Amino acid sequence: MSDVLTCAACGAKNRVTTVPAGQVPGCARCGASLPWLINGTDATFAGDVQADVPVVVDFWAPWCGPCRVIGPVLEDLARERAGKLKVVKVNVDEHPRAPGDHAVQGIPTLLLFRGGKLVGRQVGAVPKATLSAWIDAN
């Protein structure tokens with residue numbers, strides 16, 4: 001499976017399949033770090049949370065109002081922190097195993113991983129400044 005990441009610097013669309021350990025995705029055209037925003041699945045979850053940068057997992061659903069509020073905030077953070085943050089969006093309706101494994105009882109639930117280990121949990125939609133501070137503090 002691959003994701004298409006758009007370069008914030010030049011606008012080029014980049015198809016990214018895998019990112020080698022110790023690296024972040026880079027633009028094929030200009031070389032800038034790409035905003036690392038991917039769609040996660042039950043099958044890919046264990047690998048999705050592995051990165052040398054913090055990983056925020058967003059458990060969401062299309063019918064969830066607060067999820068639609070926090071989604072653009074996470075996209076902004078992924079662009080602003082290109083090369084320094086990975087955001088994984090998991091649709092709980094399509095992929096129920098990963099949220100079940102992590103005791104997700106309400107959405108949106110955000111989990112923060114560092115080095116593949118869970119270090120933080122945030123439930124509900126919060127302002128961008130609060131979310132940014134939560135990522136930096138954990």
Side-chain angles (χ1 to χ4, degrees):
M1 185 170 142
S2 65
D3 287 285
V4 176
L5 304 177
T6 303
C7 180
C10 72
K13 296 196 181 305
N14 294 263
R15 185 169 304 281
V16 177
T17 51
T18 58
V19 177
Q23 295 183 17
V24 296
C27 178
R29 182 186 294 165
C30 72
S33 293
L34 293 171
W36 205 353
L37 178 67
I38 65 168
N39 293 310
T41 68
D42 286 336
T44 63
F45 189 85
D48 290 341
V49 299
Q50 299 294 326
D52 289 343
V53 297
V55 178
V56 174
V57 177
D58 175 22
F59 290 107
W60 71 285
W63 48 263
C64 167
C67 297
R68 291 193 307 267
V69 170
I70 199 78
V73 173
L74 290 169
E75 291 171 15
D76 285 348
L77 285 172
R79 277 191 295 277
E80 291 171 9
R81 296 180 180 215
K84 298 177 184 151
L85 179 69
K86 180 178 184 181
V87 176
V88 179
K89 297 183 65 63
V90 178
N91 182 328
V92 298
D93 290 339
E94 296 174 357
H95 306 284
R97 190 178 74 224
D101 290 348
H102 288 88
V104 172
Q105 296 179 345
I107 55 173
T109 292
L110 306 176
L111 301 182
L112 180 63
F113 290 83
R114 290 187 186 269
K117 301 213 184 309
L118 179 63
V119 297
R121 175 183 297 262
Q122 174 72 47
V123 179
V126 295
K128 184 177 178 182
T130 303
L131 186 55
S132 191
W134 172 72
I135 293 168
D136 293 339
N138 286 298

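Count residues from 1 along the sequence. Only heavy atoms go into these numbers, but all of them, side chains included; no hydrogens, no water, no symmetry mates. Remember, it's a predicted structure, so these values are computed and weren't measured experimentally.
- Using a distance-only test at 3.5 Å, with no hydrogens or angles considered, a donor-acceptor pair links the side chain of Lys86 to the main chain of Asp48.
- Taking the six-membered ring for Trp and thresholds of 30 and 60 degrees, His102 and Phe113 have ring planes more than 60 degrees apart, a perpendicular arrangement.
- Under the 4.5 Å side-chain contact rule for hydrophobic residues, Ile70 and Val56 share a cluster.
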**OP:** Given side-chain contact (heavy atoms from CB on, under 4.5 Å), test Trp134 with Asp136 step by step and report yes or no.
**Re:** CA-CA 5 Å; Trp134 172 72; Asp136 293 339; over 6 Å; no
**OP:** I would like to know whether Leu77 and Ile135 meet side-chain contact (heavy atoms from CB on, under 4.5 Å); could you show each step before the answer?
**Re:** CA-CA 10 Å; Leu77 285 172; Ile135 293 168; 4.1 Å; yes
Subject >> Worked check of side-chain contact (heavy atoms from CB on, under 4.5 Å) between Leu110 and Arg121 >> reply: CA-CA 6 Å; Leu110 306 176; Arg121 175 183 297 262; over 6 Å; no
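- Inter-residue side-chain proximity for Phe59 and Val123 is flagged as unmet; no heavy-atom pair is nearer than 4.5 Å.
- No path of Ile, Leu, Val, Met, Phe, Trp and Tyr side chains, each step under 4.5 Å between heavy atoms, connects Val87 with Val69, placing them in separate hydrophobic clusters.
- Put simply, the side chain of Arg114 gets close to the backbone of Asn138: a donor and an acceptor are under 3.5 Å apart.
- Within a 6.0 Å radius of NZ in Lys128, more than 12 heavy atoms belonging to other residues, nucleotides or ligands are found.
- Using a 4.5 Å heavy-atom threshold, the side chains of Asn14 and Pro25 count as separate.
- Hydrophobic clustering (ILVMFWY, side-chain heavy atoms < 4.5 Å, transitive): Val53 and Leu74 are in distinct clusters.
- Of the possible donor and acceptor atoms, one in the side chain of Asp42 sits under 3.5 Å from a partner among the backbone N and O of Arg97.
- Residues Arg79 and Thr6 bring no donor and acceptor atom of their side chains to less than 3.5 Å of each other.
- No chain of hydrophobic side-chain contacts below 4.5 Å, direct or via other Ile, Leu, Val, Met, Phe, Trp or Tyr residues, connects Leu131 to Val90.
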**OP:** Apply side-chain contact (heavy atoms from CB on, under 4.5 Å) to Lys84 and Ser33, showing your working.
**Re:** CA-CA 9 Å; Lys84 298 177 184 151; Ser33 293; over 6 Å; no
